Participant: 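Can you read through this structure? Questions will come right after.
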Amino acid sequence: MNHWLVKSEPFKYSFEQLLKDKKTIWDGVRNYQARNNLKAMSKDDLVLFYHSNEGKEIVGIAKVVKTFYQDPTTADPNWVVVELSPVKKLKKSVTLEEIKTTKSLNDIGLIKQGRLSVMPIKPEEFDQILGLAEEL
DNA sequence: GCCAACGTTGGC
DNA sequence: GCCAACGTTGGC
């Protein structure tokens, strides 16, 4: 199983909204690297949900319920979507600040490639983050 | 609201 | 195929 992190601006689509919706189509990705990551997702992979701009923190865990297919919002065959469902809201959100001050997380894509909106997370990084969220 | 980082586009 | 110009993202 692989682990991922996706970013969303809360005013566009928040984790609370996902909890309400139970399931969402992760559309609008228009970056090749992020697209490749979407394509690499398998069913039941766990996805950290990060709020950018507002909050700047990881707020919850989601999982992949449907692997990639053509983005229905565009006719351009370059772009794909996946479907995500919420797993749980974190007991304690993990802020960018905390991630930055945690030595073992200094290599995480979130810091190294700030602009990427879908990125892989190493298993040990995933565990570290759950630790910070008091979920372990 | 500014600006740094970085991806994309287009001229040569 | 290089690189300058431009656009977008996201932290501050």
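To find a chain, count down the sequence lines: A is the first, B the second, and so on, and within it residues start at 1. Owing to the predicted nature of the structure, the values given are computational and were not obtained by experimental measurement.
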Participant: May I ask you to decide if the ring planes of A/Trp26 and A/Tyr13 are parallel, tilted or perpendicular, using 30° and 60° as cut-offs?
Facilitator: perpendicular

Participant: Would you tell me whether A/Ser104 and A/Gln128 have side-chain atoms, one donor and one acceptor, within less than 3.5 Å of each other?
Facilitator: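 Present: a donor and an acceptor within the cut-off.
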
Participant: Answer yes or no for A/Lys122 and A/Phe126: cation-pi contact, defined as NZ/CZ to six-membered ring centre under 6.0 Å and angle to ring axis within 45°.
Facilitator: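 Not satisfied by the 6.0 Å and 45° rule.
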
Participant: Under a 4.5 Å side-chain heavy-atom rule over Ile, Leu, Val, Met, Phe, Trp and Tyr, are A/Val29 and A/Val64 clustered together?
Facilitator: yes

Participant: Using the rule that Ile, Leu, Val, Met, Phe, Trp and Tyr join whenever any side-chain heavy atoms are under 4.5 Å apart, tell me whether A/Leu18 and A/Leu90 fall into a single cluster.
Facilitator: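 Per the 4.5 Å side-chain linkage, A/Leu18 and A/Leu90 are not co-clustered.
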
Participant: Go through DNA chain B in 5' to 3' direction and return only the first and the last nucleotide with some atom under 4.0 Å of chain A's heavy atoms.
Facilitator: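 Using the under 4.0 Å cut-off, the span is B/dA5 to B/dT8.
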
Participant: Axis-to-axis angle across the helix from B/dG1-C/dC12 to B/dC12-C/dG1, five pairs an end, to 10 degrees?
Facilitator: 10°

Participant: Distance alone, cut at 3.5 Å: any donor-acceptor contact between the side chains of A/Asn37 and A/Tyr32?
Facilitator: no

Participant: Is a salt bridge present between A/Glu135 and A/Lys92, judged by a nitrogen-to-oxygen distance below 4.0 Å?
Facilitator: no

Participant: Check the side chains of A/Thr73 and A/Asp71 for a donor-acceptor pair under 3.5 angstrom, ignoring hydrogens and angles.
Facilitator: yes

Participant: Is A/Glu16 salt-bridged to A/Lys89, going by a charged N under 4.0 Å from an acidic O?
Facilitator: yes

Participant: Tell me which residues in residues 9-17 of chain A put a heavy atom below 4.0 Å from DNA chain B, sorted by number, or none.
Facilitator: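 Here the set is empty: none.
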
Participant: Could you check whether any side-chain heavy atom of A/Gln33 comes within less than 4.5 Å of a side-chain heavy atom of A/Met119, counting everything from C-beta outward?
Facilitator: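 Answer no - side chains too far apart.
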
